[in-house]
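Below is one structure; the comments refer to it alone.
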Amino acid sequence: RRAVIRKGTPNGEHRTSNSEHVTPNVQRPTLNSQLSTPNMQRLARRRSRRFLLSSLGSLIVIASCSTVASSAAALASLVVIVSVDGLRPDAIQGASTPFLDSLVKQGAHTWNAQTVLPSITLVAHTSMLTGVEPKQHGITTDTGAARPLQVPTCFELARQAGYPTSMIVGKSKLKRLAKPGTVDYLSNPGYWAKDIAREAVKRLAQQQTGLMFLHFPDPDSTGHKYGWMSPKQLKSVSDCDSALGTVLKALDGYGLRGR
């Protein structure tokens with residue numbers, strides 16, 4: 001088993017949709033100028049700390065393993081990636097997160113991973129799910145009004161290898177990462193982590209191999225609306241942890257974790 005947690009999108013992110021707060025009086029320079037400005041780089045390092053557990057916001061990777069031969073390394077039959085959008089390491093420490101804490105203890109993790117620039121939902125998640133920076137994958141805005149994705153996604157590679165793939169997301173903009181023919185099951189069942197977890201449990205009854213990506217948007221939205229590290233944001237972190245627990249219990253119920 002392995003767990004990965006990364007911070008979703010950091011404090012101060014510029015947003016454009018109706019459900020997300022737009023930070024006032026923030027000028028957005030070009031991507032190149034953001035990357036080359038020392039102040040922006042220092043700001044990004046300070047704001048964009050991500051933490052990696054076994055499923056991205058914070059990024060968590062849960063792998064179900066089967067040993068195919070005594071001399072062979074354990075291979076994951078199912079990988080579940082959970083992105084907790086807008087989650088920060090200090091928010092994890094300030095909230096009640098028993099399921100997340102258990103993954104930290106049981107798996108591999110880091111508190112020092114960093115996001116890309118610009119550190120906004122669609123751009124950061126594209127990098128997370130392609131493994132390359134924005135200048136390579138071509139997605140540099142959060143509105144969806146961008147050129148087509150120019151590099152393979154993890155879903156694309158999984159399908160090419162014959163594995164089933166699923167995306168269950170809280171923000172519809174992330175559907176943009178589902179290239180035609182690369183995602184077998186794509187759902188935006190609601191906005192909150194509990195909705196995503198409920199749908200994931202249903203999907204696990206049908207898919208117990210391959211790749212599944214889950215996106216919990218709660219901390220990002222509450223952080224923008226009520227303030228970073230506010231009581232309501234910390235509660236949203238705990239809500240995400242409960243949703244994670246729902247998914248973990250389903251995996252355990254099917255005997256998928258640690259297999």
Side-chain angles (χ1 to χ4, degrees), residues 1-11 48-64 78-113 115 121 124-125 128 166-171 174 187-204 212-254 256-258:
R1 286 191 299 273
R2 190 173 58 184
V4 181
I5 298 177
R6 294 175 79 181
K7 179 179 177 297
T9 52
N11 180 349
S48 307
R49 293 291 176 86
R50 293 179 174 233
F51 106 72
L52 186 68
L53 298 179
S54 284
S55 152
L56 240 203
S58 285
L59 176 69
I60 309 162
V61 179
I62 306 160
S64 166
L78 172 67
V79 173
V80 180
I81 302 175
V82 182
S83 167
V84 186
D85 203 336
L87 183 57
R88 302 176 0 176
D90 52 355
I92 296 169
Q93 296 163 1
S96 174
T97 56
F99 295 104
L100 211 48
D101 294 343
S102 70
L103 291 181
V104 173
K105 292 178 181 178
Q106 297 169 14
H109 73 278
T110 177
W111 301 96
N112 298 315
T115 188
T121 295
H125 280 77
M128 291 175 188
S166 295
M167 287 183 71
I168 305 174
V169 299
K171 293 182 180 180
L174 295 182
S187 177
N188 178 206
Y191 192 83
W192 304 110
K194 63 181 181 180
D195 303 319
I196 309 305
R198 189 181 302 118
E199 188 70 13
V201 171
K202 294 179 183 178
R203 180 59 185 168
L204 283 168
M212 181 178 292
F213 172 73
L214 310 178
H215 170 253
F216 297 167
D218 310 36
D220 186 61
S221 296
T222 56
H224 281 289
K225 186 172 182 178
Y226 299 108
W228 303 95
M229 297 298 291
S230 65
K232 289 189 176 182
Q233 194 201 25
L234 293 180
K235 181 183 182 301
S236 75
V237 173
S238 295
D239 291 343
C240 287
D241 187 73
S242 296
L244 175 63
T246 297
V247 175
L248 293 176
K249 289 175 184 176
L251 290 170
D252 289 337
Y254 287 114
L256 294 172
R257 273 211 295 168

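Contact check for Tyr226 versus Gln233: no side-chain heavy atoms found under the 4.5 Å cut-off. At a threshold of 4.5 Å between non-hydrogen side-chain atoms, the residues Pro189 and Ile168 count as touching.
A distance of 10.5 Å separates CG of Leu204 from CD of Glu199, quoted to the nearest 0.5 Å. Note: Gln93 CD to Leu234 CG = 11.0 Å, rounded to the nearest 0.5 Å. Distance check: Asp220 CG to Lys225 NZ gives 13.5 Å after rounding to the nearest 0.5 Å. The NZ atom of Lys194 sits 9.0 Å away from atom CG of Asp218, with the distance rounded to the nearest 0.5 Å. Here the straight-line distance linking atom CG of Leu248 with atom CG of Leu100 works out to 9.5 Å at 0.5 Å rounding. How far OG1 of Thr222 is from NZ of Lys232: 10.0 Å, rounded to the nearest 0.5 Å.
Nearest heavy-atom pair across Ala243 and Ala197 is O-CB, 3.5 Å. Across all their heavy atoms, Phe216 and Leu244 have their closest contact at CE1-N, 3.9 Å. Of all heavy-atom pairs between Ile196 and Gly190, the closest is CD1-O, 3.8 Å. Between Lys171 and Pro217, the closest heavy-atom pair is CE-CB, 3.8 Å. Taking each heavy atom of His125 and Ser83 in turn, the nearest pair found is NE2-OG, 2.7 Å. Of all heavy-atom pairs spanning Val169 and Asn188, the tightest one is O-ND2, 2.7 Å.
Residues passing the side chain to side chain donor-acceptor pair (under 3.5 Å) test with Arg203, sequence neighbours excluded: Ser166, Gln206, Gln207.
Relative orientation of the His224 and Trp228 rings is perpendicular, given thresholds of 30° and 60° on the angle between their planes.
Taking the charged nitrogens against the carboxylate oxygens, Lys105 and Asp101 have no contact shorter than 4.0 Å, which rules out a salt bridge. In this structure, Asp195 pairs ionically with Arg198, as a charged nitrogen and a carboxylate oxygen lie closer than 4.0 Å.
Judged by distance alone, the side chain of His215 and the main-chain N or O of Gly170 form a donor-acceptor pair under 3.5 Å. Although no hydrogens or angles enter the test, the distance criterion places no donor-acceptor pair under 3.5 Å between the side chain of Ser238 and the main chain of Ala95.
There is a side-chain donor-acceptor pair under 3.5 Å between Ser221 and Tyr191.
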